[in-house]
Structures are given as C-alpha cells and as structure tokens.
Amino acid sequence: MMILPLFVVIPLGGAFLLSLIGKLDKRINDALANIATFSLLVLSVFAIRYPLAGKVLVYKVGGWKPPIGICMVLDGLTSFMLVTTNLVSCLVAIYSISYMERYTDKYRFYTLFLLMLAGMNGVIVTGDLFNLFVFLEIASVASYALVAFGTEAEELEASFKYTIMSSVASSFILLGIALLYSFSSTLNMADMAWVLAQRNSSLLLYFVAVLFIMGFGLKAAIVPFHAWLPDAHPSAPASISAMLSGVVIKVLGVYTLIRIFFNLFPINKTSLSVLMFLGTVSILAGVILALSQWDFKRLLAYHSISQIGYIILGIGLGTPLGITGALFHLFNHSVFKSLLFLNSGAVVYALGTRNLQEMGGLKERMPLTANTSLVASMSISGIPPFNGFWSKLWIILACMQSGRILYAFWAVIGSILTLASFMKVQKYAFWGKLKKQWESVKEVPWPMQLAMLVLAVICILSGFLVAPFFSAFIDSAVKVILSGQGYAHTVFKMLR
Amino acid sequence: MSIYILCLVLFCIGLYCVLRKRNIIKIIIGLGIVEYAVNLFFVLIGYQRYGRAPILAKEQKILNMVDPLPQALVLTAIVIGLAVTVFMVAIAIRLYEKYGTFDITKIKRLKG
C-alpha cells in the first residue's frame, strides 16, 4: 500500500463526506474532521522513516509513467513539510471543536478547512508543475472563503482584497508555467530540471524567476507584496488565522519558492540575492509596522511578515547553515505563531475584544492562556532556551559565516524590536491589574486548552531539532535542497 | 510574434483595469481579462499554423498537429477562474449589502 496519495485522498474525502452528512449531527462533524487530521499526522510521522533511510518514494498517478503522467514524490523536504503542516492542522482541528461553536454552519467550516488541507498536502507531495498550480488554487480558494467566514463587513473587505491580489499572483504563476512549458515541452518537475540543465536558457529563466518571485512571493507575503496579509489573517476565525499564518503562507509561498529555485532551476546567485534582500526588508518592515498596533491579531499578522523574512533570508544565503536555519525557523514559526493566534482566539472567546488596551491582568483569570502565550512570546522574540532562539541564532551565524555582516545586523535589530513588541502584548493583556469588567471571565474549554498546551510543549522541545541525534530530520530536507538539480536524478532513479 | 505581443497587451489591459478602476465589478472583470490573456497565451504556445486536431484515425497520417496538452491545461485553468469569479461576485454582493456602494475607495474600514 502506497501512502503518498493518502495525503490528498483523506482530506478530500473527508471534505466530501462532511458536506454530505455534516448537517445531520454536530458530533459527526467534530469526530470526522479530527479523525481525518489526526490520521494525517500519524501518516506524516510514519513517512519520516523513508527519507531517514535515504529512500525516495515516487507514486505514479493512474499508473502512467512520469514524463507523461503525473507523479507524486516523497523526499526529505516533502516529509519535513508534511509533518509541519499536519501537526499544526491536527491541533487546530482539536481547538476548533469548542472555538467554532460561536459560529453557525460548523460543517461548512470543517469542509473548507479540509479542502485547504488537501490543497496544501497536494502542493507538497506533487512532482508536476501544473498539478502544483491546481492544488495551490484549491488551497487558495478555500482560504479566501475561510477569511470571509464571519461575513461581517471587515471580513468581506479583507477577503475581497486577498482574493484580488492572490488571483493576480496566480495568473503570474500560470504565465511562468506556460513559458517554462513552451521552452522545455514537459511539465514534470524532475524532467524539466533535467531539460533546463541541458540547455542554455538564462534569459528565459530570469524572466520566469521574476514572475515566480512576484507570484509565490505574494502568496508568502514578502514585503512589497504583503499588503493583503495584515487584513486577511486577523479577519479569519482564530483557528484559521493560526493555519494561515502558521502553514499556508509557508507551503504556498516559501516551500514552492524553495522547490523551484533550488530543485528546478539551476541555482542562481542573482535570484538568491534578490530573495535575501527582500527577506531583510520584510524583517524590518513587518516588525516596525507591528510596533504601533493595538489590535492583538493584527499585531501577530505583522509579525508573520517579519518572521517569514527570516526564513527567506536564510534561504537566500544558500549555504548549508543558512538553509538549515531557515527550515528550522519555518518549523518553529509554524508552532509558535499558531500558538499565539490560538491564544488571541482564546482571549477573544472569553472577552469578546481584540483591543490590547481594553485587556489587562488576564493572568489571574486565564492562567493557561497567559502562560502558554508567555512561552510563545519568548520563543518568537528569541529568548535562549526556547526554539526561536536557536533558529534565529543559526540564521544570524550563517549570515556571519558567508560574510554578510550587514544582513546579520538587521536580523538582530529585527529580533530586538520583536521582543519589544511582545513585551507590550504581555504587559497590556496578561500582566498588570485585572480590570473590573473582566472579573467574571473564565478559562476557555478543555479542547482549546489542550491544543495550546501541546503547542507550548512543542515550543520548548523543538529546540532540540538541531541537536546531534534529532538533526537527521532537518538534515534530510537540507540535503534535498542542496542537491539542486540532483533532484531529477533521484526521481528518475526511482522510476527505473 | 505579433500575436504574442497582442496577448501581452491584453494582459496589461487587464492589469490596468485591476489596478486603476474604482468599481469592484470592473475590478472583477479586469481580473477575468488577465486570466483570459494567460489562457490565450497558453493555447497559442501549442498552436501550429495549418495544424489539425491530434485525433488518431485509421489509415490516416497526421503530419502537422497542434499540441493538445495546453488545451487540456487551459480547460482546468478556466474552471479555476470560474470558481474564483463566482466567489468574488458573491463577495461583491455581500459587500454592497454592508457598505451600500461598489466604490473601492469608500470600502476602507481596515487600515493601519
């Protein structure tokens, strides 16, 4: 039994079933969605052992042989991204059991949630460029609808803005794919990498690289293309904000950029230095805009831009240390940022407000939310024992190692400003004196507490991911990226 | 060559429409033009002058045929474009209910 297609089949099938029978009973919704996400988590953890053993799985869809048919590939990078995505989505699904009670039409929420998950898993496992585009659009369309889920004026406005910008980005991506197809007459990524390595095509590749940086950069919210994110992410329900900031921008933007710029194109110093520059601008712009925010979720959304900047900076360095740091930070950010969004959701659930100035002293009434958010805040601002410290340290060390002292300096400045911004959150929301109107506030129900607690524990533990024994997990992903167009050889070797 | 340039011009018209128009219905139409320009470009890549459909028939030699793959891909892209357009029109209707206008410059509660 091949496990690869299951990553797409389970969420798609779950979404189909939910839209049919979800109306009957509320408990069926919760059970079905949670079983689907949990089984995906188990499968993705199970799949780690293939890349660790140095094996690459290739699944031929419909039995057609790859240069002609579509294939799915499981290598180190795929497995790393699958674990990240499905870990967050599993915990978010648990959280949604109670959180989404406040909204009507819970089954529609779960349907869209699973569709988005199917799209993301599809983007990760596919080995075909056009298929990647289709899955990307499935995930995007589901996320447009989820941003507008509350159907209030602000949510509709944010969703409209997001839809317009993201659809233009998709058009750029499709144009890039069309140009690549016209040059290489193939859509299979391994085959295309092989063709591009054979022929001299630098002029076309520069043009396509620009199109892809615009397209995927917008999906990843790198700075000149970030305008939609601070509107769209806070407007969604908190569990979806956690998904959008935690994994969607990374899978649809960062993962696709890595796959295309390292495994598909010949590694090109110019486009990497463009990425490095845009990453640094993102770090600074995101964090400076975040400093002046009073809306809890909007502040977190701006920090997503800044943290994505660190990942892009690490990738742009192109050195083994930089890429390790970038992937490590990708994992860490998806954990602590989803935890922070779930915290903000818990506060909104209990208080009904997102304005930091109206809160205060919640530590007494909501101890678990306050303590987990403290852990996440320390992680995101890079306080030593927590995971965020190690990944930022790795990225900054990589900058120093490759002689980019200025970039390292800006990364440190960004980290200090992040700390300042999260001290503000802690001070206004959780510390200080409890206001009179919040004296009857209660801690949130247990599914929400469980999800937050597990994420906080992962925040502390995942600092060990670069420790000698556990680092094999990230190293197998880094090896795939550094092998460049060797990706084509590994895939073709498996087919023979 | 000129046909590709015309295709690019169509793309730019759509982009201009998205960026400069204030009415959200016009923006949606502009997005449709952008999508059609890309789809047209994709079909043109597979086109050959005097080419025929790549259908295999008995006792017939096909010498000059168009590439069928872009056509299949464009069909998929059109369906995706349809889904996005329908979604956006639905959002536009709801926006009109909430704000009472289609003018994008007046729909701006989210700032900062």
Side-chain angles (χ1 to χ4, degrees), chain A residues 68 129-131 133-138 140-142 144-145 147-148 151-183 185-187 211 227-228 230-232 234-235 289-290 292-295 298-299 302, chain B residues 4 7-8 11 14-15 17-19 21 24 27-28 30-47 67 69-70 72-74 76-77 79-100 102 104 106-112:
Chain A
I68 295 163
L129 204 53
F130 191 77
N131 204 10
F133 173 75
V134 173
F135 280 126
L136 186 105
E137 284 296 278
I138 292 174
S140 303
V141 173
Y144 308 151
V147 167
T151 60
E152 291 300 319
E154 286 87 3
E155 284 145 9
L156 293 169
E157 184 188 335
S159 172
F160 188 77
K161 201 171 176 183
Y162 176 30
T163 314
I164 293 285
M165 296 182 77
S166 187
S167 306
V168 171
S170 301
S171 301
F172 280 122
I173 294 168
L174 188 59
L175 191 61
I177 292 172
L179 284 167
L180 278 180
Y181 174 74
S182 75
F183 180 76
S185 23
T186 175
L187 283 168
L211 287 175
W228 58 273
D231 292 342
S235 297
L289 287 167
S292 60
Q293 298 299 322
W294 286 105
D295 181 332
R298 205 174 171 83
L299 183 144
Y302 274 115
Chain B
Y4 294 114
C7 206
L8 187 71
F11 186 82
L15 216 53
C17 192
V18 171
L19 293 174
K21 290 291 163 192
I24 54 178
I27 292 176
I28 295 170
L31 202 62
I33 296 174
V34 169
E35 275 164 10
Y36 284 140
V38 176
N39 290 343
L40 182 64
F41 179 72
F42 219 146
V43 171
L44 282 175
I45 285 168
Y47 179 73
D67 185 353
L69 189 61
L73 301 183
V74 161
T76 318
V79 173
I80 292 169
L82 175 80
V84 173
T85 311
V86 166
F87 177 76
M88 276 195 299
V89 172
I91 291 281
I93 294 169
R94 298 297 283 270
L95 271 177
Y96 188 77
E97 282 172 10
K98 299 279 179 195
Y99 289 84
F102 278 129
I104 196 86
K106 292 201 180 104
I107 302 175
K108 50 169 188 184
R109 280 193 206 166
L110 295 168
K111 266 192 282 186

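Residue numbers begin at 1 in each chain, while the letters A, B, ... track the order of the sequences. When reading the values below, keep in mind they use all heavy atoms of this one structure, side chains included, and skip hydrogens, waters and symmetry mates.
For A:V134, the parts lying under 4.5 angstrom from a heavy atom of chain B are both the backbone and the side chain. Only the side chain of B:I104 comes within less than 4.5 Å of a heavy atom in chain A; its backbone stays farther off. For A:I138, no part lies near chain B; criterion is any non-hydrogen pair under 4.5 Å. Residue contact with chain B, scored on non-hydrogen atoms closer than 4.5 Å, involves the side chain of A:A148 exclusively. Of the atoms belonging to B:L95, heavy atoms from both backbone and side chain fall under 4.5 Å from chain A. Neither the backbone nor the side chain of A:S140 comes within contact range of chain B, judged by heavy atoms closer than 4.5 Å. A:S159 touches chain B through its side chain: at least one heavy atom from C-beta onward sits under 4.5 Å away, while N, CA, C and O do not. In this structure, the portion of B:I80 lying under 4.5 Å from any heavy atom of chain A is its side chain and not its backbone.
Within a 6.0 Å radius of NZ in B:K21, other residues, nucleotides and ligands contribute 12 heavy atoms or fewer. With a 6.0 Å radius and a threshold of 12 heavy atoms from other residues, nucleotides or ligands, A:I68 has its CD1 atom at or below the threshold.
Separating the CD atom in A:E155 from the CD1 atom in B:I91 is a distance of 10.0 Å, to the nearest 0.5 Å. With values rounded to the nearest 0.5 angstrom, A:D231 atom CG is found 13.5 Å from B:R109 atom CZ. If you take CD1 on A:I164 and CD1 on B:I24, they are separated by 8.5 Å, rounding to the nearest 0.5 Å.
Taking 4.5 Å as the limit, every side-chain heavy atom of A:L156 sits out of range of all side-chain heavy atoms of B:Y96.
Closest approach of B:K108 to A:E157, counting heavy atoms only: CA-OE2, 3.3 Å. The two residues B:P70 and A:Y181 make their nearest non-hydrogen contact at CG-CE2, 3.6 Å. Across every non-hydrogen atom of B:Y99 and A:E154, the tightest pair is OH-N, 4.1 Å.
Counting heavy-atom pairs closer than 4.5 Å to chain A, the top-ranked of the candidates B:E35, B:M88, B:E97 is B:M88. Interface summary for chain A: among B:V34, B:L69, B:I28, the most heavy-atom pairs under 4.5 angstrom belong to B:L69.
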Just do the side chain to side chain contact (heavy atoms under 4.5 Å, CB included) check on B:N39 and A:L174 with the steps written out, would you? CA-CA 9 Å; B:N39 290 343; A:L174 188 59; 3.9 Å; yes
Under 3.5 Å donor-acceptor pairs involving side-chain atoms of residues 40-47 of chain B, not counting sequence neighbours:
none

For residues 166-173 of chain A, run the donor-acceptor check on the side chains, cut-off 3.5 Å, and write out each pair with its distance to 0.1 Å, sequence neighbours left out.
unit_1	atom_1	unit_2	atom_2	d
A:S166	OG	A:Y144	OH	3.1
A:S166	OG	A:K219	NZ	2.9
A:S167	OG	A:T163	O	2.6
A:S170	OG	A:E137	OE2	2.6
A:S170	OG	A:S166	O	3.0
A:S170	OG	A:K219	NZ	3.1
A:S171	OG	A:S167	O	3.2

